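The structure appears right after this line, and notes come after that.
What you see below is based on every heavy atom in this structure, not just the backbone, and it leaves out hydrogens, waters and symmetry mates. Quantities reported herein were computed from a predicted structural model and do not represent experimental measurements. Labels below follow one simple rule: chain letters A, B, ... track the order of the sequence lines, proteins then strands, and each chain is numbered from 1.
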There are 2 protein chains.
Amino acid sequence: MTKYEYIADVIRKRILSGEYPENTLIPNQIELVEEFNVSRMTIKKAINILMMEGLVYSQRGLGTTVLNNQLPERSATLATDYSGLTKGLEGKEIQSNVIKFDVTFPNELTQEKLKISSHHPVYEIIRLRIVDEEPYALEHTLMPVDLVPGLTKEIASHSIYSYLEQIGIEFAGAHRNIHADKSNELDHQYLECAITDPVLEVEQVVYLKNSRPIEFSRSRNRYDKKSYTVLDVM
Amino acid sequence: MTKYEYIADVIRKRILSGEYPENTLIPNQIELVEEFNVSRMTIKKAINILMMEGLVYSQRGLGTTVLNNQLPERSATLATDYSGLTKGLEGKEIQSNVIKFDVTFPNELTQEKLKISSHHPVYEIIRLRIVDEEPYALEHTLMPVDLVPGLTKEIASHSIYSYLEQIGIEFAGAHRNIHADKSNELDHQYLECAITDPVLEVEQVVYLKNSRPIEFSRSRNRYDKKSYTVLDVM
DNA sequence: CAGTGGTCTAGACCACACC
DNA sequence: GTGTGGTCTAGACCACTGG
């Protein structure tokens, strides 16, 4: 853990606990320099992280204001949550039916997205995600075999991502493309949606800290169960 | 323009022009320090911008590789482009038909989103955005009258955002929620979509630098014309 | 091993907001 | 003017990659 990550964690906790209340200024950067015994550049980097999370907003000449005292919904799209399931589902019963679990060779699109060659084997997994006993999303996932040692159908039926965390894999980020689509045969069958129902499709590539792509997936979501929230900070 | 923005611009141009080809390393940070006569921190900040744009990625011990030689669609979601129309549309002919232009009082949802009271007047604007003579999106926009002095139907038929920039309004960021929906009567009429076609709806609240909300809007997009790209960096 | 990018420092100057 | 955050420097050390 770097110093600026540590400092961001400390300040984030103070905001969430209410020690730095909403719509007030946090201590200025000089004071934080003195408290943490680091240079101002390091403090600034820590504050930048919190700004990207939408917790604070800095203005030259004014100071740094606490915007929210809770992490935005957007956190659903962040951090450890590449699973396609939002944090809003915490406490609900989540199941995964594994419809397909295979090792195969990647087609051209998959080769390009995962930056691998055609003879580089990949897992191909199709799962139906079920929340509170109702179908929620249909996920089609491709992962290079060498990056996910020991993946099994059993693991896929629970949570691939908590397994990846356990074996110490670290994520750098993700590209996502979100669009609407007409539902197809598979959607009707598994998502139990009407023929005229649209789906929200999220296509994503997840990257490791060493920048290798580890997952290319398409998640087709019932339009009445899932939306997607984004926060842009300039 | 800061030094790191300038340097990012220069390097971006070299990538887009092919001077730094795809899948090759750009000069290392020390060489760039010498070329631009700046410190390495400044070079790193410039490269960070390009990394956030998805153009390059850096690996410790290896160097910085060119990933793409073109800007991703994602740029549509960034910076000054809250207009709902992507940068990918540059060079195309864009029209706006103003279907409704009114001043009214906000309903409860609008009051909450724009953080105003019920007696605070708002512009209510409905526009059909047309790209290359084909319907693209239907936008329903609400803005507090006092924040957008002198807005007219004439301005709305061109670009509200270039007007706002002209009068010196500065944006801090935006919250967006993206979801799929069935098309309704209005969509069929204006977007010329089939009854079974879905739409991609983007609901957004745009904030000023002083953190006042200036716009609450819903944009309904033809599912075959618009998608939404997001980049998450941890 | 040498070379790379990531982090961090201790200071400096500047742009901006408020009084 | 005073105080704030934004930028920038010149150098240092470290972590990682590759041969």
Next item on the list: Take B/Gly63 and A/Thr42, find for each the nucleotide of DNA chain C with the closest heavy atom, and name the residue whose nucleotide sits nearer the 5' end.
Entry: B/Gly63
Next item on the list: Send over the distance from B/Leu62 CG to D/dT17 P, rounded to a whole Å.
Entry: 7 Å
Next item on the list: For A/Lys3, answer base if it contacts any base atom (sugar-phosphate contacts may also be present), sugar-phosphate if it contacts only those atoms, and nothing otherwise; contact means non-hydrogen atoms under 4.0 Å.
Entry: sugar-phosphate
Next item on the list: Salt-bridge test for A/Arg218 and A/Glu124: reply yes if a basic N is under 4.0 Å from a carboxylate O, no otherwise.
Entry: no
Item checked: Whole-Å gap separating P (D/dC14) and CZ (B/Arg40) -> 14 Å
Item checked: Under-4.0 Å salt bridge between A/Glu203 and A/Arg176 -> no
Item checked: SB check B/Lys13 B/Glu19 (cutoff 4.0 Å) -> no
Next item on the list: Specify the closest pair of heavy atoms between A/Ala137 and A/Ser219, including all atoms of both residues, with the distance to one decimal.
Entry: CB-OG, 4.0 Å
Check: Hey, is A/Glu31 close enough to A/Arg40 for a salt bridge, meaning N to O under 4.0 Å?
Finding: no
Margin query: On DNA chain C, compare the nucleotides closest to B/Lys44 and A/Asn37; which residue's is nearer the 5' end?
Written below: B/Lys44
Margin query: With heavy atoms of chain A within less than 4.0 Å as the criterion, where does contact along DNA chain C begin and end?
Written below: C/dT7 to C/dC18
Check: Taking for each residue the nucleotide of DNA chain D bearing the nearest heavy atom, is the 5' side occupied by A/Asn28 or by B/Tyr4?
Finding: A/Asn28
Check: Any sub-3.5 Å donor-acceptor pair from B/Asn28's side-chain atoms to B/Ile30's backbone N or O?
Finding: yes
Check: Hey, which of these two, A/Gly61 or A/Asn48, hits DNA chain D nearer its 5' end, going by closest nucleotide?
Finding: A/Gly61
